[in-house]
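Not measured: the values here are computed from a predicted model. When reading the values below, keep in mind they use all heavy atoms of this one structure, side chains included, and skip hydrogens, waters and symmetry mates. First the proteins, then the strands, lettered A, B, ... as listed; each starts at 1.
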2 protein chains.
Amino acid sequence: MDWSIQDVARLSGATSRTLRHYGDLGLLPPSRIGSNGYRFYDEVSLVRLQRILMLRALGLGLPAIGDVLAQQRGEGEALQHHLDWLRQEQQRLARQIRSVENTIDTLNGEEQLMAENMFDGFDHTQYREEVEQRWGADAYRRSDDWWRSMSPAEKAAWKQSQQALGADWQAAAARGVDPAGDEAQGLAKRQFEWLRGIPGTHGGEGAGPTREYFVGLAEMYVADERFAANYGGVAGAEFVRDAMVIFAEQDL
Amino acid sequence: MDWSIQDVARLSGATSRTLRHYGDLGLLPPSRIGSNGYRFYDEVSLVRLQRILMLRALGLGLPAIGDVLAQQRGEGEALQHHLDWLRQEQQRLARQIRSVENTIDTLNGEEQLMAENMFDGFDHTQYREEVEQRWGADAYRRSDDWWRSMSPAEKAAWKQSQQALGADWQAAAARGVDPAGDEAQGLAKRQFEWLRGIPGTHGGEGAGPTREYFVGLAEMYVADERFAANYGGVAGAEFVRDAMVIFAEQDL
DNA sequence: ATAGAACTTGACGCTGCGTCAAGGTCAAGA
DNA sequence: TCTTGACCTTGACGCAGCGTCAAGTTCTAT
């Protein structure tokens, strides 16, 4: 009892081309091949095809389906793995949607994004050239994309956490604490974690900034008075830099 | 003042291969080509590249980006269109995630999906063969996927709406109303709308069932006592069928 | 016998480049 | 001058999953 390729196509809803494709991949070999080269399928093939189509409908790739059918991987395991990937995709889409929405809003003039603060509480476009020169346009663009993808509330929260950190730095500097001491090193660690949240800081996928980047940034805080002002002037920035450099040497 | 392809690559974060690709597509032609064939880019090219990369980061396709840059389509319009598509994708992903989750749950035996009711409140797997014979396995599988993708709450709501409709049919049949009258035709319309919600009912993307399918289903209600029971026996099912056939002839 | 339906094996197309392959160009050093 | 090495070129395959011709063979019905 077997069926031709068209019969199977009609029964299953797949096209004959798809069936031949699966045959080529070894996913669904015909149960029999006539002397004329025609493909024929039996009940076992049909059941197998049902599973293939179901797994495909769930979004699994053909190689993954092959693994499952070959018992090389448990179905539950494969689906769980697939589910993780689906969730990541959804998050990515959600971020992109927010990013596009914000860009549209900006185009509509509803929000003057360029007047917002980002790097250390300044208009981050002020630093566009510096950032590009030092770390490449790619780094700048990644940060920019990241910033655009946030909601106003998220932006506000971010700025606040940044300002709190700056205030703590200033207070510590004013009390003259030891840059190598626990308190200053704790602040340096906070600074590191804060930077970790920004993409494009040369550490690749949440790894946080590299040692080089971190030290370079510390020097920039001193060299540039606009940054320095955020830490209570040059003296404060020097304190911040010293603590950051020590932290980088010890922990990065 | 121009830059070599590698210079631009470093500045922009794109690879030289990508730049050549954009050149081939006409998205970003070099501002100058040396006698040796080398590509060179000027400031204008760089600005253009920035826009390309930004739009790409937002997920636009290269042809769409080309349209925007060529002023053939407004940026806001293109982004809005893109946003719609992104949202659809997200919904699709959400459905697929639910579907995979439910399948995993089923595999884990936490839910005996096969014991659930679907078609007209019956275990829909009871009807698998009928459905496949009449409308093909594809139709069955699409309905099945759809049903699997729903949460328990959604399933409950669906079943309730279905049962309410069945009860109204029974009541109307019991009162002996005219199958061609407004009341029965209103019920037939509800039946149509209800079916529209189920994929795989031969209408293609929310178009609702075809006339043929609708009439065939009406006959099935009478022919099969399991369906008939849902409308108060054969007599009730005949009333339903008559009303549905009239509706199909007049409105489909 | 002959038309028409069904079947076969190729092979290109689509998206956005990554990744060799094979070879020319150019500035700097021995 | 010759060589090395960095940088440049065009060309073409690869990936995912088939859709879609194209050209030829076979089956089925008249």
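- The side chain of R56(A) places an N or O atom within less than 4.0 Å of a non-bridging phosphate oxygen (OP1 or OP2) of dC18(D).
- To the nearest angstrom, C1' of dT15(C) lies 8 Å from CG of L62(B).
- Within the 4.0 angstrom heavy-atom criterion, only backbone atoms of the sugar-phosphate kind lie near G61(B); the bases stay farther away.
- Atom pair R17(B):CZ and dT10(D):C1' shows a separation of 10 Å (rounding to whole Å applied).
- In terms of heavy atoms, R48(B) sits closest to L27(B) at NE-O, 2.8 Å.
- Regarding L60(B), its CG atom lies at a distance of 14 Å from the P atom of dT15(C), rounded to whole Å.
- Between the CG atom of L19(B) and the P atom of dT10(D) there is a distance of 13 Å, given to the nearest Å.
- Separating the CG atom of L53(A) from the C1' atom of dG17(D) is a distance of 13 Å, rounded to the nearest angstrom.
- OP1 and OP2 of dC18(D) both lie 4.0 Å or more from every side-chain N or O belonging to T15(A).
- The nucleotide whose nearest atom lies closest to any side-chain atom of H21(A) is, among dC18(D), dC17(C), dG16(C), dC18(D).
- Using a 4.5 Å cut-off on side-chain heavy atoms (C-beta onward), S45(A) and L28(A) make contact.
- Under 4.0 Å is where a charged nitrogen must lie from a carboxylate oxygen, and between R92(B) and E89(B) at least one such pair does.
- E75(A) places a side-chain heavy atom less than 4.5 Å from the side chain of L55(A).
- Using a 4.0 Å heavy-atom criterion, one finds that R20(B) contacts the bases of the nucleic acid, with or without backbone contacts as well.
- Atom CG of L25(B) is separated from atom P of dC17(C) by 9 Å (rounded to the nearest Å).
- Taking side-chain N and O atoms only, N36(A) has a distance below 4.0 Å to OP1 or OP2 of dC27(D).
- Among the atoms of the strands shown, none is found under 4.0 Å from any heavy atom of S16(B).
- Rounded to an integer number of Å, the gap from CD1 of I33(B) to P of dT25(C) is 16 Å.
- F40(A) comes within 4.0 angstrom of nothing in the nucleic acid, heavy atoms only.
- Contact annotation: Y38(B) side-chain N/O to dG24(C) OP1/OP2 distance is not under 4.0 Å.
- Between R39(A) and dT9(C) there is a side-chain N or O to OP1 or OP2 distance below 4.0 Å.
- Taking atom CD1 of I5(B) as the reference point, atom P of dT10(D) lies 9 Å away to the nearest angstrom.
- Nearest heavy atom pair, residue P30(B) against residue R39(B), reads CG-CG, 3.6 Å.
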